Structure formats: C-alpha cells, structure tokens
Amino acid sequence: MHDAPQTAWSLEALAAKAGMSRARFAAAFKDAVGVTPGDYLADWRMNVSCTLLKQGRPVAVVADRVGYGSPNALARAFRARMGCAPRDWLAQQRGDAALSGS
C-alpha cells in the first residue's frame, strides 16, 4: 500500500500478498494496526494527497497518483476524511503557515 497507493487494492489482493486468507488477514491487520485495511489505505492515500498538494501538484495529478479515478472522486473522498475540499484544505494550510511565520 505504501509503495503503490494508486493500486486498486482489494482485501483479496492484500491477503494474497501476505499469504493469508481474507478473514485471517483482515483480523490480523486490525489487531496489529488498529483499523481495517480499507480504512488504513484511505488514510494513507489522504496522507500522500496532502503531501502532494503541499508540493504544488494539481488535484488531477494527485488523484491519479493516489488511486482515485478523477479529481471529483478524490475531492469526495478528501471531503469525507478531511472535512473540506482539497483546495480549501490547502488554502487553510497556507494560511496557517502564514500566520505562524513559516
């Protein structure tokens, strides 16, 4: 997941990589990490998205790099996880940095 967030990871694919059944993998992952594989992947994609946005990458490029089919799909997922649209989040980050003198 870390090396290829753009991949359409399924529970089956992740379990196969780990050499486990889906149920065993899902349970072991949640026990070890504290969240489901799907939630972890969504959080990781948001982390990568935020980094790319801060680097000045366009939303369309970010969407492609983290596995969303379109900028609109990324915006919907971003809003659900982060509470606002990617551009609004970036504006907030820039505003916070300007306020703190960074």
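When reading the values below, keep in mind they use all heavy atoms of this one structure, side chains included, and skip hydrogens, waters and symmetry mates. Note that the structure is a prediction, hence the values are computed from the model and not measured.
In this view, Ala77 and Met46, Tyr68 satisfy the side chain to side chain contact (heavy atoms under 4.5 Å, CB included) rule, not counting sequence neighbours. Remark: Gln6 pairs with Ala4 by the side chain to side chain contact (heavy atoms under 4.5 Å, CB included) rule, at least two apart or across chains. Applying the side-chain hydrogen bond (donor to acceptor under 3.5 Å, both in side chains) test to Arg24 and every residue at least two apart in sequence or in another chain returns nothing. The side chain to side chain contact (heavy atoms under 4.5 Å, CB included) search around Ala16 returns none, not counting sequence neighbours. Partners of Ala42 by side chain to side chain contact (heavy atoms under 4.5 Å, CB included), not counting sequence neighbours, listed by chain and number: Arg81. By the side-chain hydrogen bond (donor to acceptor under 3.5 Å, both in side chains) test, Tyr40 pairs with His2, sequence neighbours left out.
Residue pairs meeting the ring pair (Phe, Tyr, Trp, His ring centres under 6.0 Å) criterion with at least one partner in residues 45-65, sequence neighbours excluded, do not occur; the list is empty. Pairs of residues two or more places apart, or lying in two chains, that qualify as salt bridge (charged side-chain N to carboxylate O under 4.0 Å, His left out) and include a residue from residues 3-17 are Glu12-Arg22. Here salt bridge (charged side-chain N to carboxylate O under 4.0 Å, His left out) pairs that include residues 25-35, with residues two or more places apart or in two chains, number zero.
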Give the table of side-chain donor-acceptor pairs shorter than 3.5 Å for residues 82-90, with sequence neighbours excluded, one pair per line with atom names and distance.
none

Pairs under 3.5 angstrom only: tabulate donor-acceptor contacts from the side chains of residues 48-65 to other protein residues two or more places apart or in another chain.
{"residue": "Ser49", "atom": "OG", "partner": "Arg45", "partner atom": "O", "Å": "2.7"}
{"residue": "Thr51", "atom": "OG1", "partner": "Asn47", "partner atom": "O", "Å": "3.1"}
{"residue": "Gln55", "atom": "OE1", "partner": "Arg57", "partner atom": "NH1", "Å": "3.4"}

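The CZ atom of Phe25 sits 4.5 Å away from the CG atom of Leu14 when rounded to the nearest 0.5 Å.
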